Amino acid sequence: MELGLVGLGKMGGNMRERIRRAGHTVIGYDRNPDVADVHSLEELVGKLKGPRVVWVMVPAGAATQSTIDELAELLSPGDVVVDGGNSRWTDDEKHAAELGEKGIGFVDCGVSGGVWGLENGYALMYGGDAENVAKVQPIFDALKPEGEFGSVHAGKVGAGHFAKMVHNGIEYAMMQAYAEGWELLEAVDSVTDVREVFRSWQEGTVIRSWLLDLAVNALDEDEHLERLRGYAQDSGEGRWTVEAAIDNAVPLPAITASLFARFASRQDDSPQMKMIAALRNQFGGHAVESAGESKK
């Protein structure tokens, strides 16, 4: 099938390649002309045959809103817009209503896989009407990992991004647990090879995971994480997860504590946050700060 893809950054560019490898046609637009296939959204829409599917992969908030506003004026009834960025689920409801007034469908899709998704596939959580999801299904099938799992129609509009938000909240807590354990091991004299302790956990233990594998990768590159500052940003989804927990009276002590730990990292050079920063760089290519950089 044909797909229009808006946003060809670290995630979007690799997604374009993976979809093409599956035999589909992708026409990509990005503000960077060096990576774009077309020079405008209007040109992108004009090159697609109806019913069109346009996947938006740009930063949440104003960038997503302006892109959807422009597409609303360019697309036709029966076309579908997919928001694959990290939008807040409440924005999805708004976007679906706005596009629905013009007969244009909307699907929200949480995407996980980071810089590894091109080869490993992307975990996909999507929300929307079954009719609109069906129009996008071949693309979901191309992007997901091989095998039975890795893709889910999570529910109504907003369900995909809500599920991805909770996923990221869990990710926060898991990274924090590995980071705290690493700092404690580093603090005692009796443990002389912390990196190899972490490596030993990769097989046969109940805490083995892809995040643990990435932690070992980070320690192989910088055994004591001496080249990193203990400073970690948050994408916003951790905050939204905690806010949703409050709204629904659901206790999330571990996830909430992990979010607050990131706030603390911006006040001191935290050893734990060196591991968090290293893990975010390993799985998502997120920027890190060297130990010599000063806080802004």
Side-chain angles (χ1 to χ4, degrees), residues 1-9 11-12 15-16 19 26-31 40-46 48 50-112 122-140 143 151-169 235-241 243-244 247:
M1 69 175 278
E2 292 183 342
L3 177 75
L5 181 58
V6 183
L8 302 170
M11 289 277 282
M15 289 167 63
R16 174 176 61 176
I19 296 166
V26 184
I27 301 171
Y29 169 69
D30 192 276
R31 289 183 300 177
S40 67
L41 287 179
E42 184 176 9
E43 185 181 356
L44 180 147
V45 170
L48 295 171
R52 305 173 186 88
V53 176
V54 179
W55 188 301
V56 178
M57 204 71 189
V58 302
T64 294
Q65 183 66 61
S66 63
T67 302
I68 289 177
D69 288 345
E70 189 172 350
L71 288 172
E73 300 303 318
L74 295 170
L75 295 173
S76 304
D79 294 344
V80 175
V81 172
V82 182
D83 180 3
N86 280 332
S87 294
R88 189 182 174 103
W89 79 97
T90 50
D91 290 342
D92 296 326
E93 298 165 356
K94 177 175 176 286
H95 296 154
E98 292 169 348
L99 293 169
E101 291 177 357
K102 297 178 178 291
I104 301 167
F106 178 82
V107 174
D108 64 288
C109 184
V111 182
S112 181
Y122 299 88
L124 306 172
M125 297 142 271
Y126 37 92
D129 295 342
E131 177 184 359
N132 292 325
V133 168
K135 294 178 181 178
V136 191
Q137 194 64 54
I139 302 302
F140 292 148
L143 287 171
S151 174
V152 61
H153 184 183
K156 299 181 290 186
V157 164
H161 281 144
F162 194 93
K164 175 57 163 46
M165 177 195 74
V166 174
H167 164 281
N168 281 22
S235 63
E237 290 188 290
R239 302 184 190 210
W240 299 343
T241 305
E243 290 169 4
D247 291 342

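The chain is numbered in sequence order, starting from 1. Below, each value reflects all heavy atoms present in this structure, side chains not excepted, and no hydrogens, waters or symmetry copies. The model shown is predicted, which means the values in this text are computed figures rather than measured ones.
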For the residue pair [X] and [Y], establish whether any side-chain heavy-atom pair is separated by less than 4.5 Å.
| X | Y | value |
| --- | --- | --- |
| Val152 | Leu124 | no |
| Tyr126 | Gln137 | yes |
| Val133 | Phe140 | yes |
| Asp79 | Val54 | no |

By side-chain contact (heavy atoms from CB on, under 4.5 Å), Val26 pairs with (sequence neighbours left out) Leu5, Arg16, Ile19, Arg20
Apply side-chain contact (heavy atoms from CB on, under 4.5 Å) to Glu42 and list each qualifying residue two or more places apart in sequence or on a separate chain. Ser40, Leu74
Salt bridge or not for Lys102 and Glu73, using N-O below 4.0 Å? yes
CA sep, side-chain torsions, deciding dist, call: Val81, Leu75, side-chain contact (heavy atoms from CB on, under 4.5 Å): CA-CA 9 Å; Val81 172; Leu75 295 173; 3.5 Å; yes
Which residue is it: Glu237, Glu243, His161, Glu93? I am looking for the one with a side-chain hydrogen bond (donor to acceptor under 3.5 Å, both in side chains) to Arg88. Glu243
What pair of heavy atoms forms the shortest contact from [X] to [Y], and how long is it?
| X | Y | result |
| --- | --- | --- |
| Ile104 | Ser76 | CG1-O, 3.7 Å |
| Ala159 | Asp108 | N-OD2, 3.7 Å |
| Tyr29 | Leu44 | CB-CD1, 3.7 Å |
| His153 | Gly128 | NE2-O, 2.8 Å |
| Val80 | Lys135 | CG2-CD, 3.6 Å |
| Ser112 | Met125 | CB-CE, 4.4 Å |

To the nearest 0.5 Å, how far apart are NZ in Lys156 and CZ in Phe162? 12.5 Å
I'd like a table of donor-acceptor pairs (distance under 3.5 Å, sequence neighbours excluded) in which one partner is a side-chain atom from residues 55-68, with atom names and distances.
{"unit_1": "Thr64", "atom_1": "OG1", "unit_2": "Pro59", "atom_2": "O", "d": "2.8"}
{"unit_1": "Gln65", "atom_1": "OE1", "unit_2": "Lys94", "atom_2": "NZ", "d": "2.8"}
{"unit_1": "Gln65", "atom_1": "OE1", "unit_2": "His95", "atom_2": "NE2", "d": "2.9"}
{"unit_1": "Gln65", "atom_1": "NE2", "unit_2": "Asp69", "atom_2": "OD1", "d": "2.8"}
{"unit_1": "Gln65", "atom_1": "NE2", "unit_2": "Glu98", "atom_2": "OE1", "d": "3.3"}
{"unit_1": "Ser66", "atom_1": "OG", "unit_2": "Ala62", "atom_2": "O", "d": "3.2"}
{"unit_1": "Ser66", "atom_1": "OG", "unit_2": "Ala63", "atom_2": "O", "d": "3.1"}
{"unit_1": "Thr67", "atom_1": "OG1", "unit_2": "Ala63", "atom_2": "O", "d": "2.8"}

Matching residue for Phe106 among Asp129, Asp92, Asn132 - test: side-chain contact (heavy atoms from CB on, under 4.5 Å): Asp92
Tell me yes or no: between the side chains of Asp83 and Ser87, is some donor less than 3.5 Å from an acceptor? yes
